[in-house]
4 protein chains.
Amino acid sequence: MAASRKNTRLLQFSLDPKSGVPYYKQIILQIEMAIADSRLSTGDQLPTVRSLAVELQINPNTVARAYSELEIRGIVHTQQGTGTFIADKEIQLDEIERERILAEITRGFVTKASSYGFSMEDVISYLQELNR
Amino acid sequence: MAASRKNTRLLQFSLDPKSGVPYYKQIILQIEMAIADSRLSTGDQLPTVRSLAVELQINPNTVARAYSELEIRGIVHTQQGTGTFIADKEIQLDEIERERILAEITRGFVTKASSYGFSMEDVISYLQELNR
Amino acid sequence: MAASRKNTRLLQFSLDPKSGVPYYKQIILQIEMAIADSRLSTGDQLPTVRSLAVELQINPNTVARAYSELEIRGIVHTQQGTGTFIADKEIQLDEIERERILAEITRGFVTKASSYGFSMEDVISYLQELNR
Amino acid sequence: MAASRKNTRLLQFSLDPKSGVPYYKQIILQIEMAIADSRLSTGDQLPTVRSLAVELQINPNTVARAYSELEIRGIVHTQQGTGTFIADKEIQLDEIERERILAEITRGFVTKASSYGFSMEDVISYLQELNR
DNA sequence: GTGGTCTAGACCACG
DNA sequence: GTGGTCTAGACCACC
């Protein structure tokens, strides 16, 4: 069952030097995805800058840059001398507003997908596969 | 079947300034994808540099660079004073590449949706509703 | 007349090394204030990273960091090889929503001010003075 | 007159995690300001470390550090097992310092309001309306 | 020990 | 010439 497996997957970072995607963006992406699929939740602590730098064998500044961008975007919250934590999402929207926002971001996504030749069916199938 | 869908979907460009992918690469990729799934075929004319630049609100040099790189790779053919046309070179974007692109654009959508509190199920339901 | 003087004030950066406020934050602040009082508007180009670094006699990375934070926050838009520009504000809210937002940010401000012992009259006087 | 306002405004702490100012300094400053404008006077008891930590949802060590620094500066006096009390030291925050603080908290508010398209006039009108 | 700031300098990608 | 990325290393502030 997918549900029962959800929190059994550990947070595991990996960098691909050949991808052309900067390290700091790869880190951001992996954290965002972990939040999106509940491997990270509000209040969870991220690895320290230094420990993640050692683990990934990169410069601590590169990790710090990733964390800093996430902080600016309100996705994590860092407290000096303590660490970096997943921020509280303070989402208080009524249903109408929620639907309006969903419609808006979906429209952008569908347009973009179709520019690359993907149909509605393609994206729905893909999302369903992701969700398994 | 790809063949039966031919020309039923229009060529529509869209640029994402926030993706980090340079505009000229986004254009190249969208043209390649259009060729790969038969929305563009040998001999079809591309928009002129100037008109596409106006449409996308970018510098004509950027469009020119995209076309020029496509020409170097033998994918399009430019006729001075006439326009730019799809060459007869076969474009082979394998399934892995296609999926990589779909994954990338889907990621942004999913993380954005999740930042507003929408689950995977929410977005799938909404897309299915749109598609009815 | 205040109005006639508005756009006659030039953008002029200055850093105070003794303030304890990091250079990059001072730069961000000065740009934000310039936008808030219309010395900078949508589409205006900021000084280049290197030129501002020379002008302020600091490391270009420090300027880049300020610009990068502004970009993440959607306040400026940078295009590689071209420069950094004040972003379009795409504000499309109805009146009810606008008032709700104003109420919300004002409430936070008033609470904070009162924690420091400032009364409503104090902040109103101060704002009126700023606006002269 | 300051004297006539004494005790008519309550002591209310608030912390801004995004200000960049460490919590312990925000607490110190708010206490100093409260003494300076007579919301706190010689002999008044401060909240206990533990209760203030709970109220502000921060680590008790952070509150303790603020109180400890105030004690070193002779502004408060701690009696083991009893509590922390305002000492008889005069606090002199000159007008320039007061204005600096007001300027700082106002800045954040003004730039935030402006990012939503509100002008200085808008926010002043709104505050005046609130104050009626 | 934690994150924050800044510098110096190198190399790359974009227009 | 423009900004983007990354490194190495130093010093500081916070808890």
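Here is the naming used below: chain letters follow the sequence lines, and residue numbers restart at 1 for every chain.
One interatomic measurement links the two molecules: CD1 of A:Ile72 to P of E:dG4, which rounds to 10 Å at whole-angstrom precision. Residue A:Tyr67 contributes atom OH, which lies 12 Å from atom C1' of E:dT2 at whole-angstrom precision. Distance, A:Tyr23 OH to F:dT7 C1': 11 Å, rounded to whole Å. Rounded to whole Å, atom P of F:dT7 lies 17 Å from atom CG of C:Asn59. For the pair A:Glu71 CD and E:dT2 P, the interatomic distance rounds to 17 Å; values are reported in whole Å. Counting to the nearest Å, the C1' atom of E:dC6 and the CD atom of C:Gln57 are 15 Å from each other. Straight-line distance from the CG atom of C:Leu56 to the P atom of E:dC6: 12 Å, rounded to whole Å. With rounding to whole Å, A:Gln80 atom CD is found 7 Å from F:dC15 atom P.
For a distance-only test at 3.5 Å, the side chain of A:Asn61 qualifies as a donor-acceptor partner of the base of F:dG9. Put simply, the side chain of A:Arg50 and the base of E:dG1 share no donor and acceptor less than 3.5 Å apart.
Ranked by how close their nearest DNA chain F nucleotide is to the 5' end, C:Ala64 and A:Gln79 are led by C:Ala64. Nearest-nucleotide positions on DNA chain E for B:Pro22 and A:Thr82 put A:Thr82 closer to the 5' end. Along DNA chain F, the nucleotide closest to C:Thr48 and the one closest to A:Gly81 are compared, and the more 5′ of them pairs with C:Thr48.
Contact check on C:Glu69 versus C:Lys25 returns no salt bridge, with no Lys/Arg side-chain nitrogen under 4.0 Å from an Asp/Glu carboxylate oxygen.
For the pair C:Tyr24 and E:dT5, the criterion of a side-chain N or O lying under 4.0 Å from OP1 or OP2 is met. OP1 and OP2 of F:dT2 both lie 4.0 Å or more from every side-chain N or O belonging to C:Thr78. In this model, the phosphate group of F:dC6 is not approached by any side-chain N or O of A:Arg65 to a distance below 4.0 Å at OP1 or OP2. Neither OP1 nor OP2 of F:dT5 sits under 4.0 Å from any side-chain N or O of A:Thr62. Between B:Lys25 and E:dA13 there is no side-chain polar atom (N or O) within less than 4.0 angstrom of OP1 or OP2. Contact annotation: C:Ser68 side-chain N/O to F:dG3 OP1/OP2 distance is not under 4.0 Å.
Looking at heavy atoms from C-beta onward, B:Phe13 lies out of side-chain contact with B:Leu15 at the 4.5 angstrom threshold.
Of all nucleotides listed (E:dG3, F:dG3, F:dC6), F:dG3 comes nearest to the side chain of C:Thr84. In this structure, of E:dT7, F:dC15, E:dT5, it is E:dT7 that holds the atom nearest to the side chain of C:Ile58.
Enclosure of atom CZ in D:Arg50 is not indicated, since only 12 or fewer non-hydrogen atoms of other residues, nucleotides or ligands lie within 6.0 angstrom.
When atom types are taken as modelled, the side chain of B:Gln12 and the backbone of A:Thr111 share no donor-acceptor pair closer than 3.5 angstrom. Distance alone, capped at 3.5 Å, places no donor-acceptor pair between the D:Thr84 side chain and the D:Thr78 backbone.
Of all nucleotides present, only E:dG9 satisfies the Watson-Crick or G-U wobble test against F:dC6, with each distance under 3.5 Å.
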*After noting the C-alpha distance and the side-chain angles of D:Arg39 and D:Asp37, does the key distance pass the salt bridge (Lys or Arg N to Asp or Glu O under 4.0 Å) rule?*
CA-CA 6 Å; D:Arg39 282 171 298 144; D:Asp37 70 3; 3.0 Å; yes
